[in-house]
Amino acid sequence: MTVRDDAYWMKRALVQAARAEALGEVPIGAVVVRDGAVIARGFNRREGQNDPAAHAELIAIRRAARKTGNWRLTGSTLYVTLEPCLMCMGAIILARIDRVVFGCLDPKGGAAGSLYDLSNDRRLNHRVEITSGVLRGECSGILSAFFARLRQRKKEQNGGVPPFT
């Protein structure tokens, strides 16, 4: 069996992010890996499903639990292109995921080190090992390009007036 590194799995998460982007969703992707194999994938579906909880991480975690027949995902690593939010970190902790690897920080909503850090809160019954910055440039680049195109589209719809005035 070949041992694959974090960059390899993050590239799989980036494929999921591209799937989200193709559907007009914010391009965030996630994969759950256990024993050297992907057991579940997910990408943002909030717009398409009109569901504020349809984050890439939650979709991947739910699929992994269904596939394994167990809500406890011990022995698993979640790879996600953007730092998980409070809701997703809560689900990660509840699912007993051992490790989270993410690409870029989310200074406005991240709960794995930037704005909050639930991963190592001693008041909770589970700790999560965090690795950040894996393929940071690629992960932040896909998000930056998406939002730049969105701003440009809104500007064009407003007759050249920037959307944030």
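Along the sequence shown, the residues carry numbers beginning at 1.
- The main-chain N or O of Ala112 is never found under 3.5 Å from a side-chain atom of Ser119 such that the two would form a donor-acceptor pair.
- Heavy atoms only, all atoms of each residue included: Tyr116 and Glu83 are closest at O-OE2, 4.3 Å.
- Listed for the Arg122 side chain is no donor-acceptor partner under 3.5 Å among the backbone atoms of Asn120.
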### Message
Applying side chain to side chain contact (heavy atoms under 4.5 Å, CB included) to Arg41 and Tyr79, what does each step give before you reach the verdict?
### Response
CA-CA 10 Å; Arg41 298 169 179 80; Tyr79 290 86; over 6 Å; no
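- Of the possible donor and acceptor atoms, none in the side chain of His126 sits under 3.5 Å from a partner among the backbone N and O of Ala95.
- In the displayed structure, Arg136 atom CZ is contacted under 6.0 Å by at most 12 heavy atoms of other residues, nucleotides or ligands.
- Asp98 places no side-chain N or O within 3.5 Å of a backbone atom of Thr74 that could act as its donor or acceptor partner.
- Contact check for Cys88 versus Leu58: side-chain heavy atoms found under the 4.5 Å cut-off.
- For the residue pair Met87 and Pro52, the shortest heavy atom distance occurs at CE-O, 3.9 Å.
- In Phe146, the CZ atom is crowded: over 12 heavy atoms of neighbouring residues, nucleotides or ligands sit closer than 6.0 Å.
- Within the 3.5 Å criterion, the main-chain N or O of Ile92 finds no donor-acceptor partner in the side chain of Glu57.
- Rounded to the nearest 0.5 angstrom, Asp35 CG and Thr77 OG1 are separated by 10.0 Å.
- The cluster map of Ile, Leu, Val, Met, Phe, Trp and Tyr, joined by side-chain heavy atoms under 4.5 Å apart, puts Ile59 and Phe102 in different clusters.
- Under the 4.5 Å side-chain heavy-atom criterion for Ile, Leu, Val, Met, Phe, Trp and Tyr, Ile28 and Leu105 are members of the same hydrophobic cluster.
- Here the side chains of Leu82 and Cys139 are not in contact, with every heavy-atom distance at 4.5 Å or above.
- Residues Ile39 and Ile97 are members of one and the same hydrophobic cluster, defined by side-chain heavy-atom contacts under 4.5 angstrom among Ile, Leu, Val, Met, Phe, Trp and Tyr.
- Residues Trp9 and Val101 are not in side-chain contact: their nearest non-hydrogen atoms beyond the backbone lie 4.5 Å or more apart.
- The shortest heavy-atom contact between Pro27 and Ile142 is CG-O, 3.7 Å.
- Both Leu78 and Val26 belong to a single network of hydrophobic side chains, linked directly or stepwise wherever heavy atoms of I, L, V, M, F, W or Y lie under 4.5 Å apart.
- With a 4.5 Å cut-off on side-chain heavy atoms, Arg45 and Leu23 count as touching.
- Of all the heavy atoms in Gln16 and Val31, the pair that sits closest is CG-CG1, 4.2 Å.
- At distances below 3.5 Å, not a single donor-acceptor pair connects side-chain atoms of Arg46 with backbone N or O atoms of His55.
- Note on Leu135: it clusters hydrophobically with Tyr8, by side-chain heavy-atom contacts below 4.5 Å among ILVMFWY residues.
- If you take NZ on Lys155 and CD on Gln152, they are separated by 5.5 Å, rounding to the nearest 0.5 Å.
- Side-chain contact between Phe43 and Val15 is absent, with no heavy-atom pair separated by less than 4.5 Å.
- Residues Arg34 and Gly75 share a closest heavy-atom pair of CG-O, 3.5 Å.
- Closest approach of Leu118 to Met89, counting heavy atoms only: CD1-CB, 3.9 Å.
- Taking the side chain as every heavy atom from C-beta outward, Asp106 and Leu115 never approach each other to under 4.5 Å.
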#### Entry: Evaluation steps, side chain to side chain contact (heavy atoms under 4.5 Å, CB included), between Arg99 and Asp6
CA-CA 11 Å; Arg99 184 168 177 245; Asp6 289 340; 2.6 Å; yes
